[in-house]
Amino acid sequence: MTLSILITGASRGIGAAIAHDLAGRGHRVAVHAGRDAEAARAVRDALPGGGHAVVVGDVGRPDECRTIVDSSVRELGGLDVLVNNAGIFEAHPVDATSFEDWHQAWRHTVDVNLLGPANLAWLVARHLLDRPAGPEGGRLISVGSRGAYRGEPVTPAYGASKAGLHSMTQSLAVALAPHGILAAAVAPGFVETDMGRTVLDGPDGDAVRAQSPFARAATPEEVARTVGWLATDAPVWVSGTVIDVNGASYLR
Ligand code: NAP
C-alpha cells in the first residue's frame with residue numbers, strides 16, 4: 001500500500017535522507033522546507049517514484065502549520081504519516097548569554113522544536129480522525145535527540161525541547177492507540193549534517209566522535225532508515241517507543 005507522508009525539514013540533512021528512504025520504499029512524500037523552497041524542489045526532483053510534493057512554511061507559527069498540513073493533504077490527496085523532523089540548534093550557554101538573548105533563544109527553540117511538532121501532530125491527528133477511511137494505520141513519528149537525556153550545556157533549550165518532544169510522543173501514543181494510530185520517536189546522537197557540523201567541524205569534534213565506541217558520528221541515512229521503518233513497517237506494538245540512534249554513545 002502506498003502511503004502519503006509529510007516530512008518536515010526535508011530540504012536537507014536528516015529530513016532529505018528520510019524522504020529518500022520513504023520514497024525508495026514506494027511511498028509518496030511531501031518534502032517540507034522552512035524557507036528554502038528551491039532546495040526542497042531539488043530533493044523532490046531526485047526522489048525515486050512519482051507524485052511527490054513540496055510544501056513550505058515556518059513550523060514555529062501555528063497559522064503556517066495549518067497551511068503546511070492543508071497543502072500536503074491537497075497535494076498528496078490525503079496524509080497517513082507525519083514525520084516531525086524540522087528543528088533548530090542555537091547556542092545560548094547560561095554563563096555567557098544576556099537575559100534578553102536567553103529568553104529569546106528559549107522562546108524560538110520551544111516554538112520550532114516543540115510547539116511546532118505539537119501543532120502539526122494535532123492537525124494530522126485531526127485529519128486522520130476525520131478521514132472517511134478512518135484513522136487506523138496513521139503514524140506520528142518525531143525526531144528527538146540524545147540531548148534530552150545527556151544534557152545540552154551550550155543549547156539547554158534544545159535539550160529541553162527534545163525531552164518535551166519525547167514526552168509528547170509518549171502521551172500521544174497512549175491517547176491515539178484506541179484509534180489505531182502509532183506514535184514513536186528516535187533520539188539520535190550527533191549526525192553529519194549542517195546542524196551536526198556546527199559542532200563536529202569545531203574544536204570539540206574529535207571528542208564528540210570519541211563518545212561513540214564506533215569513533216564517529218552518524219550518517220543521515222542511519223537515522224533515516226530507523227525513521228523509515230517506524231513510519232511504515234514497524235509493528236504497531238512499538239508505539240510509545242523512543243529509539244536511541246547514537247552508536248552506543250549514551251546508554252540509558
Ligand atoms: P539541518 O541540516 O539544520 O536541517 C534543518 C531542516 O529543518 C531544514 O530543512 C530547515 O529548512 C528546517 N527548519 C529549520 N527551522 C525551521 C522552521 N522554523 N520552520 C520550518 N522548518 C525549519 O538539521 P538536521 O541535522 O538534518 O536535523 C534534523 C532533525 O534532527 C532536527 O530536529 C534535529 O534537532 C534532529 N537531530 C539532529 C542531530 C544532528 O547532529 N544533526 C542530532 C540529533 C537530533 P530550511 O533550510 O528551509 O529553513
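All values reported here derive from a predicted model rather than from experimental measurement. Both counts, for ligands and for their atoms, begin at 1 and track the order of listing.
Taking Trp122 as the reference, nothing meets the ring-ring contact (aromatic ring centres under 6.0 Å, His included) condition, with sequence neighbours excluded.
Glu90 and His108 share a side-chain donor-acceptor pair at under 3.5 Å.
A donor-acceptor pair under 3.5 Å is formed between the side chain of Glu222 and the backbone N or O of Thr219.
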| Can you check side-chain contact (heavy atoms from CB on, under 4.5 Å) on Gln211 and Arg150, steps first, answer last? | CA-CA 12 Å; Gln211 289 169 354; Arg150 194 173 181 275; 3.2 Å; yes
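In this structure, Arg146 forms no cation-pi arrangement with Tyr250, as its terminal cationic atom is not both closer than 6.0 Å to the ring centre and no more than 45° off the ring axis.
Near ligand 1, residues Gly9, Ala10, Ser11, Arg12, Gly13, Ile14, His32, Ala33, Gly34, Arg35, Asp36, Gly57, Asp58, Val59, Asn85, Ala86, Gly87, Ile88, Val112, Val143, Gly144, Ser145, Tyr158, Lys162, Pro188, Gly189, Phe190, Val191, Thr193, Asp194, Met195, Gly196 come within 4.0 angstrom through at least one heavy atom.
Between Arg209 and Asp204 there is no salt bridge, since no side-chain N of the basic residue sits under 4.0 Å from a carboxylate O of the acidic one.
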